[in-house]
2 protein chains.
Amino acid sequence: MNTNFDLENFILDFSNSCQKKQKKVFGKNEVVTTYIKNRNQLCILLDGHADLVRYDLNGNRTIVEHFSKNSLFGEVFYTITTNNELLVEAKSNCTVLFYTYDDIFHKCRNNCKFHQTLSENLPQLILNKVTDLNMRIELLTKRSTRDKLLGYFSLRSTRTLSKSFELPFSLTDLADYLSVDRSAMMRELKLLKEDGFIEKIGNRIILLYK
Amino acid sequence: MNTNFDLENFILDFSNSCQKKQKKVFGKNEVVTTYIKNRNQLCILLDGHADLVRYDLNGNRTIVEHFSKNSLFGEVFYTITTNNELLVEAKSNCTVLFYTYDDIFHKCRNNCKFHQTLSENLPQLILNKVTDLNMRIELLTKRSTRDKLLGYFSLRSTRTLSKSFELPFSLTDLADYLSVDRSAMMRELKLLKEDGFIEKIGNRIILLYK
DNA sequence: TATTTTCCGTTGCAAAAGCAACACATTATG
DNA sequence: CATAATGTGTTGCTTTTGCAACGGAAAATA
């Protein structure tokens, strides 16, 4: 079920076979792209970490998505419904490929190998994205901060195959990701410790239940 | 950007060209499928409406997704992370095509026209799904019930191209969809009326702002 | 290494949301 | 058409969450 398609290797071919400088590198905290002026953009993160963030009118910051190696993002995945600006911020050094919708979904005029391979593997890459989004929705529909935290920890646990794992986020970012107030989340975190559900050592969470 | 691909027409070919009885019809309130025993299932809703619902341990019901014509759903879009049972319930008479992951992502052994056409159009169909999920996430990340309601109304408004539209949900279902308590939502709805943001006549919402 | 910036942890208080219960309306169904 | 089931609208009370503020820890930067 998972992508066996090796993007990195594949990119080696590409750099000669396909046009223009669509590949760019970003440093930490740089803005990779915004979802306002780049209609129909589709991006592939080859390396690094980045977040899609939104600031609403009340100043709340939300981490809408978190991207890592092989993540797809860009405006193609959004309709023009939002009023708030969405922007992708690099959280570490990032290497990103940029395309437009037409580049990818229509045949390349040169019929190059790159585009062929890419379009063969695209459904799988998008499918991975869909499963990520569904997990996200499952978290967000939990009714309480406690359930969101436990749900998130449980996901990390199954993903790392261990009851003990590092948080890939700062706690501040985690709150923005779960869409809750940070101090309220901290309070709940404390209660979870007191109630014997978890242990927290530095950045590491240990699940004590089941 | 939107799907021009006409599924219905396309299905006419299919019924002769492809194997087995993968097409089924369901009546209202019937369970179309569950996300537990049917590993790797992928379904296409040809006609009707259906909801993906989850009941959590506290008895809360959540409408995880709402499907209409041409929606894709099924376990391929989920990883095995959830503990709660997910089930798809028909909200009206539904016609559904059933596949497995392999059926669609690998070439059909018969190399039939049906599978060829489907796999050509699949990226677009999945892309539509992704934009739906992203809208959903945007709603769920809103911090207050008021913002969720206004966000939802705004989506309906842009989708119907009108400030006045029917709710496709009962209010009970809307609460489950926005993942909030029904009575709290009703209260907020009343406040929105009092504050002059909306008018509500029967099942119809009229936006009064901007 | 000194200093600035970000992050963590905590708290009191206010606001929002959830829960439970009920009456009434509307819609299905025998 | 009678009756049951489901949906709407409301309210009092409780619990949870958000907000604002602060001190100290840790990390980044000059």
Side-chain angles (χ1 to χ4, degrees), chain A residues 27-30 51 53 56-63 89-93 139-151 166-195 198-205, chain B residues 27-30 51 53 56-63 89-93 139-151 166-195 198-205:
Chain A
K28 186 173 177 176
N29 290 328
E30 283 191 85
D51 288 337
V53 298
D56 73 14
L57 302 169
N58 307 318
N60 289 316
R61 171 174 177 269
T62 303
I63 298 183
E89 294 173 351
K91 305 304 286 180
S92 66
N93 287 356
L139 278 185
L140 291 172
T141 54
K142 307 253 187 219
R143 303 301 171 99
S144 64
T145 302
R146 168 166 292 211
D147 284 349
K148 285 180 183 175
L149 282 170
L150 289 177
E166 301 275 332
L167 292 175
F169 277 138
S170 73
L171 292 176
T172 306
D173 283 357
L174 181 57
D176 290 343
Y177 182 76
L178 298 179
S179 209
V180 295
D181 177 74
R182 185 189 66 87
S183 68
M185 189 193 80
M186 296 298 284
R187 182 162 38 205
E188 200 54 45
L189 211 47
K190 194 168 70 171
L191 291 176
L192 281 173
K193 282 187 276 187
E194 286 172 15
D195 293 354
I198 63 165
E199 210 169 303
K200 180 168 180 297
I201 301 168
N203 197 26
R204 175 169 291 274
I205 299 286
Chain B
K28 186 172 176 177
N29 289 328
E30 283 191 86
D51 288 337
V53 298
D56 72 15
L57 302 170
N58 306 317
N60 288 316
R61 172 173 178 268
T62 303
I63 297 182
E89 296 174 349
K91 306 305 286 181
S92 65
N93 287 355
L139 277 185
L140 291 171
T141 52
K142 306 253 185 219
R143 304 300 171 99
S144 63
T145 302
R146 168 166 293 211
D147 284 349
K148 285 181 182 174
L149 281 170
L150 289 178
E166 301 275 331
L167 292 175
F169 276 138
S170 73
L171 292 176
T172 305
D173 283 357
L174 181 58
D176 290 343
Y177 183 76
L178 298 179
S179 208
V180 295
D181 178 72
R182 186 189 64 87
S183 67
M185 188 193 81
M186 296 296 286
R187 183 163 36 208
E188 200 54 45
L189 211 46
K190 193 168 72 170
L191 291 176
L192 282 174
K193 282 187 275 187
E194 286 172 14
D195 293 352
I198 63 166
E199 211 168 301
K200 178 168 180 301
I201 301 168
N203 197 27
R204 174 168 292 274
I205 300 286

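Just the heavy atoms: all of them, side chains too, but no hydrogens, waters or symmetry mates, feed the values below. First the proteins, then the strands, lettered A, B, ... as listed; each starts at 1.
Between the CE atom of A:M186 and the C1' atom of D:dC22 there is a distance of 14 Å, rounded to whole Å. Here D:dT6 presents its P atom at 19 Å from CG of B:N203, a figure rounded to the nearest Å. Taking atom CD1 of residue A:I63 and atom C1' of nucleotide C:dC7, one finds them 13 Å apart after rounding to whole Å. Atom CG of B:L191 and atom C1' of C:dA17 are 12 Å apart (whole Å). Rounded to whole angstrom, the span from the CD1 atom of B:I201 across to the P atom of D:dT8 amounts to 16 Å. Counting to the nearest Å, the C1' atom of D:dG18 and the CG atom of A:L178 are 15 Å from each other. If you measure from atom CE of B:M185 to atom C1' of C:dC19, you get 16 Å, rounded to the nearest angstrom. Between B:D176 atom CG and D:dT6 atom P the separation is 14 Å, expressed in whole Å.
Taking side-chain N and O atoms only, A:K190 has no distance below 4.0 Å to OP1 or OP2 of C:dC8. Residue A:T172 places at least one side-chain N or O under 4.0 Å from the OP1 or OP2 atom of C:dC8. The shortest distance between the side-chain N/O atoms of A:T145 and the OP1/OP2 oxygens of D:dT17 is below 4.0 Å. Residue A:K200 places no side-chain N or O under 4.0 Å from the OP1 or OP2 atom of C:dC8.
Scanning all heavy atoms of the two residues, the minimum distance from A:R61 to A:E89 falls at NH2-OE1, 4.3 Å.
Ion pairing between a basic and an acidic side chain is recognised when a charged N comes within 4.0 Å of a carboxylate O; B:D173 and B:R182 show no such pairing.
Going from atom CZ of A:F169 over to atom CG of A:D51 covers 5.5 Å, rounded to the nearest 0.5 Å. Of the inter-residue distances, the one linking B:T62 atom OG1 with B:N60 atom CG reads 6.5 Å to the nearest 0.5 angstrom. A:L140 contributes atom CG, which lies 11.0 Å from atom CG of B:L139 (distance to the nearest 0.5 angstrom). Here A:L189 contributes atom CG and A:L171 contributes atom CG; the two are 6.5 Å apart, rounded to the nearest 0.5 Å.
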Tabulated below should be each protein N or O lying under 3.5 Å from an N or O of nucleotides 20-30 of chain C; please produce it.
{"unit_1": "C:dA20", "atom_1": "N6", "unit_2": "B:S183", "atom_2": "OG", "d": "3.2"}

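Residues that satisfy the salt bridge (charged side-chain N to carboxylate O under 4.0 Å, His left out) test with A:E188, not counting sequence neighbours, are A:R146. B:E166 pairs by the side-chain hydrogen bond (donor to acceptor under 3.5 Å, both in side chains) definition with B:N203, B:R204, not counting sequence neighbours. Listed by chain and number, the residues in a side-chain contact (heavy atoms from CB on, under 4.5 Å) with A:K148 are A:K142, A:L178, A:V180 (sequence neighbours excluded). Partners of A:S183 under the side-chain hydrogen bond (donor to acceptor under 3.5 Å, both in side chains) rule, at least two apart in sequence or in another chain, are A:D181.
Contacts of B:K193 with the nucleic acid, taken as non-hydrogen atoms under 4.0 Å apart, are absent. Residue-level contact check: A:R146 touches neither bases nor backbone, having no heavy atom under 4.0 Å from any strand.
Comparing the local axis fitted to the first five base pairs of the helix from C:dT1-D:dA30 to C:dG30-D:dC1 with the one fitted to its last five gives a bend of 60°, rounded to 10°.
Positionally, the nearest nucleotide of DNA chain C for A:R187 lies more toward the 5' end than for the other of B:S144 and A:R187.
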